[in-house]
Number of protein chains: 2
Amino acid sequence: MVGTYRVLADVGFDGLTTQRVADAADCSQSLVHYHYDTKEDLVVAFLEWVREAEGDYLEGLGEGSAEDRLRAFVDLQLSIPRDDEHGWFNVAFLELQTAAARNDRYRDALREFTSMVDDVLVAVIEDGVETGEFRDVDPRATARFLRYALHGAVGATLTLHEDATEAVRAPVEAYLEGVVLAETD
Amino acid sequence: MVGTYRVLADVGFDGLTTQRVADAADCSQSLVHYHYDTKEDLVVAFLEWVREAEGDYLEGLGEGSAEDRLRAFVDLQLSIPRDDEHGWFNVAFLELQTAAARNDRYRDALREFTSMVDDVLVAVIEDGVETGEFRDVDPRATARFLRYALHGAVGATLTLHEDATEAVRAPVEAYLEGVVLAETD
DNA sequence: GTCTATACGCCGATAGAC
DNA sequence: GTCTATCGGCGTATAGAC
């Protein structure tokens, strides 16, 4: 699994081969097939393995107020670096998502990621609405809109090298203030 | 070029091979290489070819007021169908975008698409700001935020089969009313 | 321009020894 | 569990005839 992560970061999902995973794990290619019958099995197992780490990652939102946690989420998304191993792995993760369009098993596995994110966001927004920090927005719809916007920005940064993660900060702020956060004036 | 389009829609960028393009164009594989030295050349030429069609596509925004044209853009993006040839081609286009992360030539070609979209959107928003239909928002930042949000939603619909294009309509409307459109009350 | 034939490599997966 | 060896297939690209 660790080897798979490195290979994905190195050469992308497109370049993921059982031989490269074997090299990264310092074993023979056939041993990879001994543990995972097919390459598809390997990938699905990897996605389940990495999902647990993702859970911890989302814990990084901390405690604080609903507004703090929402802002922490935005920062977390927009702070994905472009040139280190983590960034390159995220590129591979985007490749995997497009592969999911034609592969049911990948799609099911990846949907659990997005629903995990949504659940966290929905909880934060519901909390904010209840305490009066936020306006009376639809938590689920707002969560998904925010997820899509940030995902789109991160994708453009990682793949097209747009300066999206910076450029989008102000508009996101405008959205939060104009639609989500309770008016303070 | 037409054959390439069909192949991409059929089997995706991952499944794009010179042999399949040859089959779709009803010629031999070597003839493809006669016209395009490498597969990469073929893809770059294809992207330039398809960009012209994209220009016409964006003309579909029509005339109308700035608000009408902005809404037309949103509808245009959110009405991409998931199961016809056009939808599958868009999936392949997403694959191509992720490939751009590791390929300079693809990246340059694709950036021209996004800057084309941005230019159209910026013009609409500038117009709206001038006429007073819109508030005094930053046209470029607003355009990109909107592009990212819609792109994220379309991507999730096409790849993960989320019902994003529907779910996002209300939040987008809330964004337009709460941030972009001039207050009418 | 268009073809057939082919070189050459890498892929996923399996067989079989240890 | 782990290895080496190997099969069959498909990928890009090229050579050379017409």
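Note: hydrogens, waters and symmetry copies are ignored here, and every other heavy atom, side chains too, is used. Only a predicted model underlies this, so the values are computations on that prediction, with no experimental measurement involved. Throughout, a chain's letter reflects where its sequence line sits, starting with A, and its residues are numbered from 1.
Defined by atom type and a distance below 3.5 Å, a donor-acceptor pair is present between the side-chain atoms of A:Gln29 and A:Thr18. Side-chain N/O atoms of A:Asp37 and A:His33 include no donor and acceptor closer than 3.5 Å. Using a 3.5 Å distance cut-off with no hydrogens or angles, the side chains of A:Gln97 and B:Thr159 do pair a donor with an acceptor. Checking B:Tyr57 against B:Glu52 by side-chain atom types alone, no donor-acceptor pair falls below 3.5 Å.
Classification of the A:Phe89-A:Phe46 ring pair by plane angle, with boundaries at 30° and 60°, yields perpendicular.
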Which letter, B, S or -, goes with each nucleotide of nucleotides 4-18 of chain D from 5' to 3', with contact meaning a protein heavy atom under 4.0 Å? B------SBBBB---
